[in-house]
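The structure appears right after this line, and notes come after that.
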Amino acid sequence: MKSSIDTLVVEPSDIVRTGLAAILKENGDFNMLAPLSSAANIEERVKTLQPKLLILNPTLLIPPAKLQLAAIRQAKPNMAVVAIVYQYIEPQIMQLFRTVIDIREQPGRIVPMLNTELQRFETDSPDENYDLSEREREVLILVAQGLSSKEIANRLCLSVHTVNSHRKNLTHKTGIKSVAGLAVYAMLHNLT
């Protein structure tokens, strides 16, 4: 028997939330957590509820959206995050999501889309039993300060190749691929 997937929907429209919940409950694998109508305090709710899947309307993200989304992902690193849209969203915000559900999507296609994202996320998810080395922490702090790999290499007396290896390890260990996300990670872990 398959375990249910704790799912948190963050969407202001009751109609959209109710419709999405009905589609997902019909499948039987999704456990719908109490939905949110805004992204205020979402990081704390994610930490408390520990969903496996977050379905989020990107218009609710507080600017800068990239930083709030990085903080949300940091609150639960092994959580798949999917956008749900029904209006124009700026392309740079849409690029923050691998999977996007358009509300005009056929109901029968939504669950397979989510399952694909969950499977893809599980294969890409960070190693949960990691510790950053002292050198990785030093590199992380300098990345958070906005230094390039070459600048970090000069400051730490390393080769650029070694710095890039540390950056790859940081991405693998934290599951965070963007510089902004790493900066938020450093702030949340009192490294800056």
Side-chain angles (χ1 to χ4, degrees), residues 1-126 128 174-178 180-185 187-188:
M1 182 177 186
K2 233 179 169 181
S3 64
S4 62
I5 300 160
D6 287 341
T7 305
L8 176 61
V9 176
V10 183
E11 163 58 49
S13 168
D14 288 334
I15 293 171
V16 173
R17 282 195 318 263
T18 303
L20 184 59
I23 291 168
L24 298 181
K25 283 181 183 177
E26 188 174 301
N27 175 270
D29 293 339
F30 296 88
N31 175 37
M32 303 306 292
L33 302 172
L36 300 174
S37 59
S38 81
N41 303 316
I42 188 172
E43 296 89 348
E44 291 82 17
R45 290 292 300 271
V46 165
K47 280 182 189 177
T48 303
L49 297 173
Q50 293 290 299
K52 178 79 173 169
L53 173 64
L54 173 66
I55 302 173
L56 170 68
N57 183 326
T59 63
L60 298 176
L61 291 171
I62 300 164
K66 189 173 190 175
L67 290 180
Q68 186 181 25
L69 192 55
I72 292 167
R73 287 184 168 133
Q74 181 58 40
K76 183 155 191 303
N78 59 344
M79 172 183 64
V81 181
V82 174
I84 184 164
V85 299
Y86 45 87
Q87 63 193 58
Y88 175 78
I89 309 287
E90 293 179 20
Q92 63 267 27
I93 294 175
M94 293 308 297
Q95 290 174 355
L96 301 173
F97 299 90
R98 290 193 299 197
T99 301
V100 177
I101 300 170
D102 187 301
I103 64 162
R104 294 172 294 247
E105 190 67 60
Q106 294 295 319
R109 293 205 41 194
I110 292 174
V111 170
M113 287 171 65
L114 295 176
N115 284 333
T116 298
E117 176 62 17
L118 287 162
Q119 289 170 352
R120 188 168 41 189
F121 187 84
E122 286 173 6
T123 60
D124 290 350
S125 65
E128 291 183 29
T174 64
I176 301 170
K177 296 179 174 130
S178 70
L182 289 171
V184 169
Y185 179 91
M187 288 186 324
L188 291 172

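Hydrogens, waters and symmetry mates play no part in the numbers below; they use all other heavy atoms, side chains included. For the single chain, residues carry numbers from 1 onward in sequence order.
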Quiz item: Does the side-chain contact (heavy atoms from CB on, under 4.5 Å) test come out yes or no for Tyr86 and Glu11, once each step is laid out?
Solution: CA-CA 11 Å; Tyr86 45 87; Glu11 163 58 49; 2.6 Å; yes
Quiz item: Would Val85 and Ile101 count as a side-chain contact (heavy atoms from CB on, under 4.5 Å) if you check the C-alpha gap in whole Å, the side-chain angles of each, and the deciding distance to 0.1 Å?
Solution: CA-CA 6 Å; Val85 299; Ile101 300 170; over 6 Å; no
Quiz item: Where do Ile110 and Leu20 land on the side-chain contact (heavy atoms from CB on, under 4.5 Å) test, with the steps shown first?
Solution: CA-CA 9 Å; Ile110 292 174; Leu20 184 59; 4.2 Å; yes
Self-check item: Pair listing, salt bridge (charged side-chain N to carboxylate O under 4.0 Å, His left out) test, anchored in residues 30-47, at least two apart
Solution: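 For residues 30-47: none.
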Can a donor-acceptor pair be found, under 3.5 Å and without considering hydrogens, that links the side chain of [X] to the backbone of [Y]?
X     : Y     : value
Lys76 : Pro51 : yes
Gln87 : Thr59 : no
Thr7  : Ile5  : yes

Quiz item: Between Leu24 and Leu114, is a side-chain contact (heavy atoms from CB on, under 4.5 Å) present by the stated rule, with each step listed?
Solution: CA-CA 10 Å; Leu24 298 181; Leu114 295 176; 3.4 Å; yes
Quiz prompt | Atom of Leu60, atom of Ser38 and distance for their closest heavy-atom approach | solution =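 Minimum heavy-atom contact is CD1-CA, 4.1 Å.
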Quiz item: So, for Ala75 and Gln50, which heavy atoms are closest and what is the spacing to 0.1 Å?
Solution: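 Taking Ala75 first and Gln50 second, the nearest heavy atoms are O-NE2, 4.3 Å.
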Quiz prompt | Between CD1 on residue Ile23 and CD on residue Gln106, distance to nearest 0.5 Å | solution =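 Atom-to-atom, Ile23:CD1 and Gln106:CD are 10.0 Å apart.
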Self-check item: Option among Val82, Leu69, Val9, Ile42 that satisfies the side chain to side chain contact (heavy atoms under 4.5 Å, CB included) test with Leu54
Solution: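 The option that passes is Ile42.
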